[in-house]
Amino acid sequence: MVLCSQIAVIFCYFQISHLSFNWWWRSFYTPGSCAIYFLVYSIFFYHTKIEPRTFSNSFSIFFTTSLISSILLMMLCGSVGVFSCFIFISAVYNQRKDE
């Protein structure tokens, strides 16, 4: 989670420095994109490591749990990114306001 917040803050800083102030969704999708990697790896894992006995039962259970897990991972990492960017931007603007 620390890595997610650091990546979100770095990309948020780059976006703010280029005077693009619509940082909310990008700070959610940047750390949340690791869920795409998780879903792609679960597809790769299913096709290379698991030998299904019956196609429909193992396929549906495995990919349903993988899809739900990747959605939850995206929500978790994305919310960490948004909150860390909000804290960062609040600190930056409070410091600038003091000057």
Is it the case that atom [atom1] in [X] sees more than 12 heavy atoms from other parts of the structure closer than 6.0 Å?
| X | atom1 | value |
| --- | --- | --- |
| Phe14 | CZ | no |
| Met1 | CE | yes |
| Phe38 | CZ | yes |

Check whether [X] and [Y] end up in the same hydrophobic cluster, where Ile, Leu, Val, Met, Phe, Trp and Tyr are linked by side-chain heavy atoms less than 4.5 Å apart.
| X | Y | answer |
| --- | --- | --- |
| Phe63 | Phe45 | yes |
| Phe86 | Ile7 | no |
| Ile89 | Ile10 | yes |
| Ile43 | Tyr41 | yes |
| Ile68 | Leu76 | no |

Exercise. In chain order, what residues pass the side-chain contact (heavy atoms from CB on, under 4.5 Å) check against Ile87, with sequence neighbours excluded?
Worked result: none
Problem set entry | Short side-chain to backbone donor-acceptor contact, Thr64 and Ile61, under 3.5 Å | no
Exercise. With side chains defined as the heavy atoms from C-beta onward, is the minimum distance between Ser84 and Val9 less than 4.5 Å?
Worked result: yes
Exercise. Cys34 and Pro31: which non-hydrogen atoms are nearest, and at how many Å?
Worked result: SG-O, 3.3 Å
Problem set entry | Heavy-atom closest pair, residues Ala35 and Ser70 | CB-O, 3.1 Å
From [atom1] ([X]) to [atom2] ([Y]), nearest 0.5 Å:
| X | Y | atom1 | atom2 | value |
| --- | --- | --- | --- | --- |
| Leu72 | Thr65 | CG | OG1 | 11.5 Å |
| Leu73 | Ser33 | CG | OG | 10.0 Å |
| Arg26 | Cys85 | CZ | SG | 11.0 Å |

For this session: Indicate the ring-plane relationship of Tyr13 and Phe88, choosing parallel, tilted or perpendicular according to the 30° and 60° boundaries.
Result: perpendicular
For this session: Could you check whether the rings of Trp25 and Phe28 sit parallel, tilted or perpendicular, using 30° and 60° as the cut-offs?
Result: perpendicular
Problem set entry | CA sep, side-chain torsions, deciding dist, call: Phe62, Ser42, side-chain contact (heavy atoms from CB on, under 4.5 Å) | CA-CA 9 Å; Phe62 183 79; Ser42 66; 4.2 Å; yes
For this session: Take Tyr93 and Ile16, measure what side-chain contact (heavy atoms from CB on, under 4.5 Å) needs, and give me the verdict at the end.
Result: CA-CA 11 Å; Tyr93 283 128; Ile16 295 294; 4.2 Å; yes
